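See below for the structure under consideration.
What you see is a predicted model, and the numbers here were worked out from it, not measured in a lab.
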Amino acid sequence: MSATPEVPATAAPADTASTAETPTTAASTTRASSTTAAPADTASTAEVPTTATPTTRASSTTAAHTDAASTAEVPTTATPTTRASSTTAAHTDAASTAEVPTTAAPTTRASTTAAHTDAAHATEIPTTAAPTVEPHSAEMRAAEAHGIEKGPAMTAKTVLVTGAFGQIGRRCVRLLLERGHTVIAVDLHNDGTDAAAAELAVTSGTLIAVWIDLLDRPSVTAVVTAHRPAAIVHFAAILAPFSYRDPRTAREVNVVGTANLVEAAADLPTPPLFVFASSAAVYGSRNPYRHPDRITARTPVHPVDQYGEDKVRAEAVITESLLPHVILRLGGVISPDGAGRIDTDALLLMRAMPRDNRMHAVDARDAALAFANAVDRAESAAGKVLLIGGNETYVLLQRDLEDDMMAAAGIGRLGPRTGLPGDPDDELGWSFTGWFDTTESQALLDFQRHDWPQTVAWVAEAQGRIRPLLRALGPLLRPTIRLLLRAEQRRDGRGAFADPWTLIAGRYGPDVLAPTDF
């Protein structure tokens with residue numbers, strides 16, 4: 001179970017650390033010549049011989065910079081395809097893409113050529129299914145009756161997506177492809193991204209995977225210039241808590257990488273819509289006793305950690321560029337991704353968060369729909385900051401979220417007394433989450449399609465055969481976990497309250513706290 005690290009929503013033993021996108025259960029790594037975003041997987045590139053008339057191509061390459069995956073060309077039975085293959089790599093969750101067999105008429109294309117290295121490949125995945133258009137719901141028709149344009153795109157467009165194979169990214173890419181768009185999928189090359197690409201290979205539309213490092217500015221510029229997207233959806237980032245291991249590298253990726261993408265987009269003859277995955281982390285520590293009201297887009301930002309500060313800075317880069325843009329601030333994104341994986345970063349964050357901390361969760365499928373609809377509803381969404389959380393069933397406390405995830409895993413609920421409470425008198429004694437007012441975002445984007453019990457069931461179903469075993473062991477595991485958590489609290493010298501940022505700074509160092517001096 002994974003919650004994308006846009007906002008950590010953690011539960012033991014499976015990783016539920018949130019936003020977006022986060023995907024993400026591996027710790028971030030440092031880099032020498034290249035930087036890896038968390039989580040990073042790596043894989044080789046392979047081309048499979050074709051049994052059709054020979055394919056001619058000129059291959060170009062670029063450097064890779066985060067999760068990366070292999071690219072495979074699958075035998076085709078169609079008339080020969082001629083192409084100039086482009087290469088790029090990206091900065092976040094990534095997956096490989098493959099060219100799949102097609103029985104359609106020959107495709108001729110010249111893909112982009114990006115910059116100076118020999119590490120990346122781009123692959124186009126043509127499919128033969130007809131584009132689909134999402135039907136209007138009753139809610140959409142009602143919104144349009146009040147003057148809110150909510151209709152999906154009626155014509156196909158080219159959309160560039162970074163972090164294209166992550167927890168939210170790949171689900172957004174699928175929606176865009178099903179609507180007939182051409183998707184330029186920018187990400188890193190690894191086994192996980194290979195698997196995601198294989199799933200997307202059967203979707204309608206055209207998928208072109210490019211592997212580039214977002215810190216490689218010439219490569220970013222080359223890809224954006226060659227494809228001239230009508231919209232850019234930017235998920236790629238090093239997410240909390242993985243960013244805490246190397247906050248300076250995370251700052252480069254999250255802010256400078258965003259700036260490279262924005263500058264390339266701003267130089268296009270027709271500037272694209274820029275849709276950015278931001279986070280509830282921009283609001284910082286939210287003491288519910290002092291701030292009982294819901295968070296809105298107008299709530300002042302006040303980040304408490306490096307990651308939240310990164311998002312504030314990246315938002316400023318976008319808004320100051322004068323590009324048409326939509327900023328979507330994500331709550332705690334929940335999906336089965338990373339089920340059964342435990343890492344020390346996610347577990348520390350779980351221990352640090354007050355049990356009575358407010359958490360507004362969102363199903364990863366609904367989050368993906370919000371981004372896809374933002375692309376297709378540019379007229380009404382452009383210029384907005386919108387909050388992406390689930391419907392009222394997702395308005396939770398941290399302890400309830402963790403217990404529901406524990407039950408989904410099969411272990412069972414640990415109970416309301418597990419963990420430490422937040423201090424009602426401490427402004428900084430809380431985590432960077434709160435409850436959103438999603439009225440405007442839902443009216444514009446119509447994305448809340450699931451209820452919390454459906455998300456919990458989705459996570460439970462994904463556990464497979466391990467869940468019955470954990471249910472059988474639950475009566476032994478639950479008291480053991482409670483004892484371990486209490487022992488860790490004593491070892492860490494914690495008092496009556498959670499005091500999360502003292503614990504986090506003690507583990508990772510002062511650079512993880514805002515304001516930063518780098």
Under the salt bridge (charged side-chain N to carboxylate O under 4.0 Å, His left out) rule, what pairs show up with a residue in [range], not counting sequence neighbours?
range            : value
residues 505-518 : R248-D511
residues 407-417 : D400-R413, D403-R413, D404-R413
residues 256-266 : R217-E263

What residues, two or more places apart in sequence or in another chain, satisfy side-chain contact (heavy atoms from CB on, under 4.5 Å) together with [X]?
X    : result
D451 : N391, T393, P453, Q454
D356 : Y289, P354, P421, W430
S321 : V262, L323
A230 : K157

Could you tell me if the side chain of [Y] sits less than 4.5 Å from the side chain of [X], heavy atoms only?
X    : Y    : value
L503 : L348 : yes
V275 : L273 : yes
T319 : H325 : yes
L328 : V326 : yes
I334 : V362 : no
N254 : K311 : no
P424 : F497 : yes
F235 : C172 : yes

Measure the acute angle between the ring planes of H234 and F274, then classify it against the limits of 30° and 60° as parallel, tilted or perpendicular.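 H234 and F274: perpendicular rings.
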Look at the aromatic rings of Y307 and F432 and report parallel, tilted or perpendicular, splitting at 30° and 60°.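 Plane angle between 30° and 60°, so tilted.
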Between H360 and Y394, is a side-chain contact (heavy atoms from CB on, under 4.5 Å) present by the stated rule, with each step listed? CA-CA 6 Å; H360 200 143; Y394 291 83; 4.2 Å; yes
Without swapping roles, check the side chain of [X] against the backbone of [Y] for a donor-acceptor pair under 3.5 Å.
X    : Y    : result
R290 : D425 : yes
R399 : G419 : no
Q448 : G390 : yes
T299 : I295 : no
S380 : R377 : yes

[X] side chain to [Y] side chain, donor-acceptor N/O pair below 3.5 angstrom:
X    : Y    : value
Q306 : T516 : no
N287 : R358 : no
Q398 : S431 : no
E427 : H291 : yes
R251 : S243 : no

What residue pairs, at least two apart or across chains, pass side-chain hydrogen bond (donor to acceptor under 3.5 Å, both in side chains) with a residue in residues 489-498?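 For residues 489-498: R351-D492.
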Between [atom1] on residue [X] and [atom2] on residue [Y], distance to nearest 0.5 Å:
X    : Y    : atom1 : atom2 : result
D310 : D305 : CG    : CG    : 8.5 Å
I481 : I411 : CD1   : CD1   : 4.5 Å
D426 : T502 : CG    : OG1   : 8.0 Å
E402 : L397 : CD    : CG    : 11.0 Å
D345 : L239 : CG    : CG    : 12.0 Å
I327 : L387 : CD1   : CG    : 11.5 Å

Between [X] and [Y], does at least one N-O distance fall below 4.0 Å, as a salt bridge requires?
X    : Y    : value
D366 : R449 : no
E315 : R329 : yes
R313 : E320 : no

Of all the heavy-atom pairs spanning [X] and [Y], show the shortest one and how long it is.
X    : Y    : result
N373 : D446 : ND2-O, 3.8 Å
P229 : L268 : CD-CD1, 4.1 Å
F436 : G389 : CD1-N, 4.0 Å
L428 : W501 : O-CD1, 3.2 Å
A409 : L470 : O-CD1, 3.3 Å
A370 : L445 : O-CD1, 3.7 Å

Kindly determine whether I388 and V333 satisfy side-chain contact (heavy atoms from CB on, under 4.5 Å), including the steps that lead there. CA-CA 9 Å; I388 306 303; V333 182; over 6 Å; no
Tell me every residue that passes ring pair (Phe, Tyr, Trp, His ring centres under 6.0 Å) with W458, counting only those two or more places apart in sequence or in another chain.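 Here no residue qualifies.
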If you count every heavy atom of other residues, nucleotides or ligands that lies below 6.0 Å from R294 atom CZ, does the total exceed 12?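 Yes, the 6.0 Å shell around CZ holds more than 12 heavy atoms from other groups.
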Tell me whether E488 at atom CD has more than 12 heavy atoms from other residues, nucleotides or ligands lying less than 6.0 Å away.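 Yes, enclosed.
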E440: partners by salt bridge (charged side-chain N to carboxylate O under 4.0 Å, His left out), with sequence neighbours left out: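 Residues passing salt bridge (charged side-chain N to carboxylate O under 4.0 Å, His left out) with E440: K384.
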Of all residues at least two apart in sequence or in a different chain, which pass the side chain to side chain donor-acceptor pair (under 3.5 Å) check with R171?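 In terms of side chain to side chain donor-acceptor pair (under 3.5 Å), with neighbours along the sequence ignored, R171 is linked to D337.
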Which residues satisfy the side chain to side chain donor-acceptor pair (under 3.5 Å) test with D363, sequence neighbours excluded?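 Partners of D363 under the side chain to side chain donor-acceptor pair (under 3.5 Å) test: R365, T455.
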Which is it for V224 and L160 under the side-chain contact (heavy atoms from CB on, under 4.5 Å) test, yes or no, and what are the steps along the way? CA-CA 8 Å; V224 172; L160 189 150; 4.2 Å; yes
Set out, in order, the CA-CA distance, both residues' side-chain angles and the distance that settles side-chain contact (heavy atoms from CB on, under 4.5 Å) for S279 and L330, then state yes or no. CA-CA 5 Å; S279 170; L330 287 154; 5.5 Å; no
